[in-house]
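Proteins come first, then strands; the chains are lettered A, B, ... in the order of their sequence lines, and each starts at number 1.
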Amino acid sequence: MRTERYNAREAERKWQATWDEKELFRTKNEDPRPKYYVLEMFPYPSGRIHMGHVRNYTMGDVVARYKRARGFNVLHPMGWDAFGMPAENAAMANKSHPAKWTYSNIATMRDQLKSMGLSLDWHREIATCDPSYYKHQQRMFVDFLAGGLIDRKTAKVNWDPVDQTVLANEQVIEGRGWRSGALVEQRELTQWFFKISDYAQDLNDALDRLERWPEKVRLMQKNWIGRSEGLSVRFALDKSNAPQGESEIEIYTTRPDTLFGASFIALAPEHPLSKMVAEKNPELNAFIDECRKMGTAQELIDKAEKKGFDTGLRVTHPFDPSWTLPVYVANFILMDYGTGAIFGCPAHDQRDFDFATAYRLPIKTVVCPPDQDPKTYSVGETPYDGDGKLCNSSFLDGLTIDAAKEEVAKRLEKESLNNEPVGTRKINFRLRDWGISRQRYWGCPIPVIHCESCGVVPVPIKDLPVKLPDDVTFDVPGNPLERHATWKHVDCPQCGKAARRETDTMDTFVDSSWYFARFTNPWIEDRPTERAVVDGWLPVNQYIGGIEHAILHLLYSRFFTRAMKKVGHAGVDEPFDGLFTQGMVVHETYRDKEGNWVTPAEIEIYNEGGERHAKLLSNGAPVDIGSIEKMSKSKRNTIDPDDIIGTYGADTARWFMLSDSPPERDVIWTEEGVQGAARFIQRLWRLVGDVSELKPADNAHDAAAEDAVITIRKAAHRAIIRVEEDLERLRFNRCVAHAYELANALQAELAVKKDKQVSPQWISAMQEACEFLIAIIAPMMPHLAEECWTALGHQSMIAEAAWPIADRSLIVENDIVLPIQINGKKRDELTISRQADNSSIEQAVLALESVKAALEGKAPKKIVIVPQRIVNVVV
RNA sequence: GCGGACAUGGCGAAACUGGUAGACGCAAGGGACUUAAAAUCCCUCGGUAGUAAUACUGUGCGGGUUCGAGUCCCGCUGUCCGCACCA
């Protein structure tokens, strides 16, 4: 009997070195086996890995190792999302260079990841801040520019006053910068934009085909893209006081059915017509100014009252030349949605209702709810936006909303104003173009040159990369590239005259929008991708990461892949075939009596009166146990993965990460849970030790042993089948349960046979079962699995072994146990042959004592027999 | 305001298309081994009643469909998430 404990530290170091030496996880592009690309979202090199990384990369590694065992050529790479603000902030704080900070963090984190025993192909490692990577990104920018995928335009942009840079719409969360948390202001700037809105329709429609994506993410992207079908309607302006040359206002509406309920037109303050009128109207000018000031902080917009200004202009109703409507400038109309102008129908829209109430405009009911009389119905204090039929609407009366929309569209398409149709069907999107200019140093330089005579000139491909200069300073705010003495001064590649480099760099989300493609061949130097290879590997079969990227990174990558296809750098539209969003790692929080956060390492939990309490290790002072929160530095409830791996080993950390909660849900990190995982490792090690030392007796052969052999084999084969099913669906917590179940069964069997003579057949069944168990845990606890595999006498490694083939006939029972219900409640069980037909089942059921008692001699009303499942006797 | 998800023991959770509710783990309690502790092993563990077999009850609340509902339908309540003056 073995007594020594499993030494994780030693074994893990040993096996990691062996895998490395044999280059076991090096992936060859020319390998003929079917491909499988599994990818976890690459980390930002912030300093050290955290538990969220451990969870993410463990899940990916389980998939990679499992698919490898199933005979796939698996691509499982790792890299670094290495550009970004924190490096610049660190440079400012330490008077150092962002590159130094970044590369030193990468070195630390690479070592940490390696200590987890991940089966990664480190030969393909990339860092986005490396010129050998961003060179190709600049090449693609140039290609996109030529391909009409990029715009340079002046637009109102989101300005982050803390980070001193522009943010894309997606990067503004509740009016604040996604990184700094500062209230975002609006500024007019000339910027580079990727024309993602050209792909709005396709990005929207293709979501329906992403069947292996979470419904939630698809829905979030749909909402973000915000497709709406409507009608654009041109209202004729009353010529008497219209500005010179203006004769119409075009509005956009999704409710053309309510056109007879119109009571005003409202323009955005930035609308051209508003500006024209304001030129001659100082009061309106002041109003527009006021709106602009309001617009600088999102928070104020949310709370602002509906305010408007009557321009004095009037328009004619398209269905009634004698009916005119006033034109307002209103603070709640957005210039960049639709046409920047609306018609207001107060009876059936909350905002229009508020506005009409404030300015005493008519409120005319035109939709009548199904349960009301159209002759008498009228909206009261709240507008009605539900279903119903049209009323007070001339030829639309009695039509449903949909029919009325259709009728209005049909008629207005035929009407004409200034030789154009009055109404045009239009699909609108909420999605705006992706502004990628950032006024920062630590990013990919935008490869263009501004020349006074030639205009914007792309940097010739032979001159790429445009490298960041090393000699920069961070002592003052703003962009170091802008104030660098020489960097921006270059000659125009076209005319040779003195010109100026673009000093903006690209949004770091560009970097992560194509790294998955670069991984397929990261060595190629003259192009971003090798077409045959990238098309062979993409799409990524299984992508795993946090839900926080549901819109930003995942939407940008979907766009970028399409753009790459357009200019010939890839052949697919969708980068990720399967997406999995994992939950967070959360932990209890602790505070001392002064209310200061205390780390888990500083306290001790103890039990008193059946309740959990905590005290400080240093002086025994009591500590309050607080709510369970996402691990964060500010609440000091983090656990350092290094500490766990140092104390328990990587396998313990990996096992616990997978065991406690379903992977999409948050997992609560607890010391008890970790210890449970560590306990299981030792238990498994003892079990394997016991099995490896079994010796057969010469004459041990009895009937009971035969039964035992079947029981053992059934348990083992059933476990394999279940784990296969669950791994395919990433239900790791269930896989863990199956492993426990099999281990429990084997341990119980060993205990029964302890000190008894055992047959060779029994021993080989135990050995097979043990090997199956090791195969099951191998993707999750690879080091322990190797050690056990060796202990069972194998010369090769389990990491190279094929997945066991389960014998499905073994788990088909001859006799089945049918639960017997009486009136839907379980009352008894019946063991009967699998082949038994319904009439023999019925006979056997009626013969049961419990059923006889329930029937009291009467005949049953009904007997429901569900084959192989259940019997229900209705009395 | 709009859209979505979720709700099961002391806790994390299982329950495939409606078919034995609570697998597996954690915690707790009892016992064995030990001079003792740790480790390990065995037993109990939704609630109520009972020594027990057992009975009744039980998946947020109220209804419904069904031979049968944690699962499906309708209506509530609560929690979490996303979007938010989008016409």
ask   = Going by number, which of residues 337-349 of chain A have a non-hydrogen atom under 4.0 Å from RNA chain B?
value = Tyr337(A), Ile342(A)
Ring-face cation contact, Phe332(A) with Lys306(A), 6.0 Å cut, 45° max = yes
key: Within 45° cone and under 6.0 Å: Arg5(A) NZ/CZ vs Trp685(A) ring   = no
Listed nucleotide nearest any side-chain atom of [X], set [options]:
X	options	value
Leu334(A)	rC41(B), rG12(B), rA87(B)	rA87(B)
Glu829(A)	rC86(B), rU20(B), rG25(B)	rU20(B)
Glu741(A)	rC86(B), rA23(B), rC41(B)	rA23(B)
Val864(A)	rA13(B), rC83(B), rC67(B)	rC67(B)
Ser228(A)	rA87(B), rC67(B), rC16(B)	rA87(B)
Trp224(A)	rA84(B), rG19(B), rG25(B)	rA84(B)
Ile668(A)	rG3(B), rG12(B), rG25(B)	rG12(B)
Met220(A)	rG82(B), rU17(B), rC67(B)	rG82(B)
Asn872(A)	rC86(B), rC67(B), rA23(B)	rC67(B)
Arg430(A)	rG4(B), rC81(B), rC83(B)	rC83(B)

query = Got a sec: does the CD of Glu211(A) have more than 12 other heavy atoms crowding it under 6.0 Å?
reply = no
ask   = Near Lys630(A) NZ, under 6.0 Å, is it more than 12 heavy atoms from other residues, nucleotides or ligands?
value = no
Starting at atom [atom1] of [X], determine the distance to atom [atom2] of [N], rounded to an integer number of angstrom.
X	N	atom1	atom2	answer
Gln221(A)	rG4(B)	CD	C1'	15 Å
Glu728(A)	rC16(B)	CD	P	19 Å
Met335(A)	rC85(B)	CE	P	17 Å
Met780(A)	rG25(B)	CE	C1'	14 Å
Glu215(A)	rG3(B)	CD	P	16 Å
Glu588(A)	rC26(B)	CD	P	18 Å

Nearest-angstrom distance, [atom1] atom, [N] to [M]:
N	M	atom1	result
rC24(B)	rC45(B)	P	13 Å
rG25(B)	rA14(B)	C1'	11 Å
rA23(B)	rU44(B)	P	12 Å
rC85(B)	rC2(B)	C1'	13 Å
rG47(B)	rG22(B)	P	14 Å
rG58(B)	rA21(B)	C1'	9 Å
rA52(B)	rG68(B)	P	33 Å
rG63(B)	rU57(B)	P	16 Å

Under 3.5 Å on both distances, the Watson-Crick or G-U partner of [N]:
N	value
rU34(B)	none
rU17(B)	none
rU44(B)	rA28(B)
rG68(B)	none
rC6(B)	rG78(B)

Toward the 5' end of RNA chain B, by each residue's nearest nucleotide, Ile870(A) or Arg665(A) = Arg665(A)
ask   = If each of Arg729(A) and Val667(A) is mapped to the nucleotide of RNA chain B with the nearest heavy atom, which maps nearer the 5' terminus, i.e. the 5' end?
value = Val667(A)
query = OP1, OP2 of rG4(B) versus side-chain N and O of Lys222(A): anything below 4.0 Å?
reply = no
If you take the centroid of each ring, where Trp contributes its six-membered ring, are [Y] and [X] closer together than 6.0 Å?
X	Y	value
Phe656(A)	Trp669(A)	yes
Tyr740(A)	Phe680(A)	yes
His317(A)	Phe260(A)	yes

Could you list the protein-to-nucleotides 27-33 of chain B atom pairs, N/O on both sides, closer than 3.5 Å?
none

note = When every non-hydrogen atom of Asn733(A) is compared with those of Ser659(A), the smallest separation belongs to CB-O, 3.7 Å
key: Sequence neighbours excluded, every pair satisfying side-chain hydrogen bond (donor to acceptor under 3.5 Å, both in side chains) that has a member inside residues 254-266 of chain A   = Arg255(A)-Asp257(A)
Parallel, tilted or perpendicular: rings of Tyr328(A) and Phe264(A) (30°, 60°) = perpendicular
inquiry  = Please verify the inter-ring angle class for Phe355(A) with Tyr359(A); under 30° counts as parallel, over 60° as perpendicular, anything in between as tilted.
reply    = tilted
query = Which is it for Lys307(A) and Glu290(A) under the salt bridge (Lys or Arg N to Asp or Glu O under 4.0 Å) test, yes or no, and what are the steps along the way?
reply = CA-CA 10 Å; Lys307(A) 278 191 181 164; Glu290(A) 193 191 321; 3.7 Å; yes
